[in-house]
Amino acid sequence: MTETRIRTIDGRALAIRGDDIDTDRIIPARFLKEITFENMGKYVFHDVRFDESGGRKPHPFNEAANEGACLLFVNANFGCGSSREHAPQALYRWGIRAIVGVSFGEIFAGNSEMLGMPTATASAETIAALQDAAETAPATEWTLSLESMTVSGGGLELPVHLAENRRKALLEGYWDSTATLVTNAALVEQVAARLPYMHGYD
Amino acid sequence: MAKNTLYDKVWDAHIVTRLPTGQYQLFIGLHLVHEVTTPQACDMLRERGLRVAYPERTVGTMDHIIPTDSRERPYADAQAEAMMAALERNTREFGIPLLDYGSGRQGIVHVIGPELGLVHPGMTVACGDSHTATHGAFGTLAFGIGTSQVRDVLATQCLSIAPLKVRRIEVGGTLGTGVTAKDVILHIIHELGVQGGIGYAYEYAGAVFETMSMEGRMTVCNMSIEGGARAGYVNPDQTTFDYLAGREYAPKGDAWERALRHWQSVASGADAEYDDVVELSGGDIEPRVTWGVNPGQSVAVGEPLPDPALLPAGERETAELAYAHMKLEPGQRMTDLAIDVAFIGSCTNSRISDLRAAAEIAKGRRVAPGVKALVVPGSQQVLKQAREEGLDRIFTDADFEWRDAGCSMCLGMNPDKLVGDQICASTSNRNFIGRQGSPTGRTLLMSPAMAAAAAVEGRVIDVRGLD
Ligand code: SF4
């Protein structure tokens, strides 16, 4: 059993603004051709960060002040679209360890959890306050606490939400699902034996 | 909470246990794998010294990265070759059957699963691809999963997953001429929004679905995720059973009779309760085209494009972004728009009935000058059948390119890509920025007949008005 309990995520934050930021924008499909996740951090938001000749465009992930940030504040339906785990992997490998947003694409949120990267939600007002604060004072140190379910920093302390099962998985170190699932192999066999299609409907 | 729906019955039958996190460990009856998500998942298995728990419930094929013009190995693209080699190595090492090119059964995972009869009513299905809901057309619970979950399913044949709510979407009445399954799902997503389905499984019901073919149902279920729903399904009925009868992996003889009884029992009961019910009228649906950068941004083909100021606050910003990217103006009509490329294919619309619908338009006509038009069958079997029906000739006579099976221009992972800001009339499922391989490319989602009509006219046109 993995014993990586995640209670708080501490560090600087950056904001990505806009609803419905899909996984193709987080990581364009052409970068999915690599057979390991190793380089994904370099490609995060590639097509909005770089122009066609590779020159840097103004983008929060390009700003020196945001280097080393580990919290990301986003708006609604962030990570909608494909099931590519490359999207949370790209953010994670860039250095992001937790995301706070109005809402998330479901598969994206699940994939993020499997990396131990919480996707907490908050009201649109809370997010606006967090994004403003992170943009005006990028040096602010923030704490996302999964125990108190708050995000605090720069004099703010605001409530966030995370589905109880996700919160528990992170707090208790069960987010590595393979390790948990493997322990129930005997029960799995019983269920398989009960399912008609598993034995030719006899 | 929903009660006695197909969702409830199938979910309950597959619960292994409740996990300490409160999520459920759910058994997966069929796991489809492909070249994009398996390399990392198999590496993770090796790192942990794990084996594939049920290799016989796992089936692999290749679709996303394979070129559709030349199958010559090694592929010109070294990364694609490496990915393919990894799939071959991994399936061999872990004992997973691989339906590769030589098998004659290769194709897009969501096309081959159904056509081989691998997907049965009452099953749970998982695949490392978000369009896995396609298989819900058979009355299954089918989930698109990420790479780490692919690892979970390979290692344990299970998913750790939270229950969903169930929304019944009832589309009554009948569809008008020229209105297809694609238009139905674009209409549903437009009505309920791209986020509307978050937390739900969609049950598609009502007269429109009862009379819809299996291939149409697959088109609808396929795009559930574009409406935010993790899964979507249609209750199994005679149409489902007729489709399955005689397929390679469908039960035969006595087993067929027993299977039928089981399949009938998994459909939602007459007394089923839902978390939400939405009623729509089939007669209101017209052929639709997307104009924006998410599948919810669509209009009936003749309708003027919406004024962002009149949209709900939450949609305004995305609409403005869409107008800027698409280089379109509010009030404009899609029928004014010239296209550069037409793509007929993808797991949404690459089955034989889709190709027949496109061929009917292409027959005796020609692709407009300056337009590149591709027809990409979803599988080798679809390709074979299309050839037997002479559809390939109809297309090539009309100057459409006729390709081998794969995902092709649905996503920019293989040589079929848009160039610059080309406009593409596409039968695929996503119009996200950059989706078709060019960061400035512009995608218009529509039905196969509409895409074929756009190809021959050189612009978007209401297929019902084609003379
Ligand atoms: S056709 Fe497109 S959506 Fe379907 S599996 Fe292939 S890439 Fe994914």
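Each chain gets a letter, A, B and so on, in the order its sequence line appears, and its residues count up from 1.
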- Query: Side chain, backbone, both or neither: which part of B/Arg430 has an atom under 4.5 Å from a heavy atom of chain A?
  - Reply: side chain

- Message: For B/Ile161, which atoms come within 4.5 Å of any heavy atom of chain A: side chain, backbone, both, or neither?
- Response: neither

- Run the side-chain contact (heavy atoms from CB on, under 4.5 Å) check on A/Glu85 and B/Ser148 step by step: do they pass? CA-CA 8 Å; A/Glu85 188 167 316; B/Ser148 297; 2.7 Å; yes

- Whatever's closer than 4.5 Å to a heavy atom in chain A on B/Ile225 counts as side chain

- Item | B/Glu56 atom CD: more than 12 heavy-atom contacts under 6.0 Å | yes

- Which one of B/Gly122, B/Gly144, B/Gly437, B/Gly22 has the most heavy-atom pairs closer than 4.5 Å to chain A? B/Gly144

- Contact part of B/Pro439 toward chain A, heavy-atom cut-off under 4.5 Å: side chain, backbone, both or neither? both

- Query: Can you tell me if B/Asp152 and A/Thr178 form a side-chain donor-acceptor pair at under 3.5 Å?
  - Reply: yes

- Message: Using a 4.5 angstrom heavy-atom cutoff, name the option from B/Glu226, B/Met413, B/Glu35, B/Gln40 with the most pairs to chain A.
- Response: B/Gln40

- Side chain, backbone, both or neither: which part of A/Leu195 has a heavy atom under 4.5 Å from chain B? side chain

- Item | Test item: A/Tyr174 and B/Gln23 side chains (from C-beta on) under 4.5 Å apart, heavy atoms | no

- Task: Find out whether B/Arg151 and A/Asp176 are in side-chain contact, i.e. whether some heavy atom of one side chain is under 4.5 Å from a heavy atom of the other.
- Result: yes

- Engaged part of B/Thr124 at the chain A interface, taking heavy atoms whose separation is under 4.5 Å: both

- Query: Could you walk me through whether B/Thr156 and A/Asn184 pass the side-chain contact (heavy atoms from CB on, under 4.5 Å) check?
  - Reply: CA-CA 9 Å; B/Thr156 68; A/Asn184 298 322; over 6 Å; no

- Is it the side chain or the backbone of B/His14 that comes within 4.5 Å of chain A heavy atoms, both, or neither? both

- Task: Begin with the C-alpha distance, continue with both residues' side-chain angles, and end with the deciding distance and a verdict on side chain to side chain donor-acceptor pair (under 3.5 Å) for B/His120 and A/Tyr201.
- Result: CA-CA 11 Å; B/His120 302 179; A/Tyr201 297 93; 2.8 Å; yes

- Query: Can you say whether B/Arg57 sits under 4.5 Å from chain A via the side chain, the backbone, both, or neither, judging by heavy atoms?
  - Reply: side chain

- B/Asp77 bridged to A/Lys33 by N-O distance under 4.0 Å: yes

- Query: Going through the checks in order, is the salt bridge (charged side-chain N to carboxylate O under 4.0 Å, His left out) test met by A/Arg84 and B/Asp129?
  - Reply: CA-CA 7 Å; A/Arg84 63 187 68 162; B/Asp129 183 281; over 6 Å; no

- Message: Under a 4.0 Å threshold between the charged nitrogen and the carboxylate oxygen, would A/Asp19 count as salt-bridged to B/Arg316?
- Response: no

- Message: Below 4.5 Å, heavy-atom pairs only: which of A/Asn77, A/Leu170, A/Asn111 has the largest tally toward chain B?
- Response: A/Asn77

- Honestly, the part of A/His86 sitting under 4.5 Å from a heavy atom of chain B is side chain

- Note on the structure: Scored by heavy-atom pairs under 4.5 Å with chain A, the best of B/Cys158, B/Gly434, B/Ala155 is B/Cys158

- Do A/Gln190 and B/Val16 have side-chain heavy atoms sitting under 4.5 Å apart? no

- For chain A, the option from B/Asn294, B/Thr440, B/Ile65, B/Ile145 that forms the most heavy-atom pairs under 4.5 Å: B/Ile145

- Message: A/Asp20 vs B/Thr318, test: side chain to side chain donor-acceptor pair (under 3.5 Å). Steps then yes/no.
- Response: CA-CA 7 Å; A/Asp20 306 314; B/Thr318 320; 3.3 Å; yes

- Query: Non-hydrogen atoms of chain A under 4.5 Å away: do they reach the side chain of B/Gln149, the backbone, both or neither?
  - Reply: both

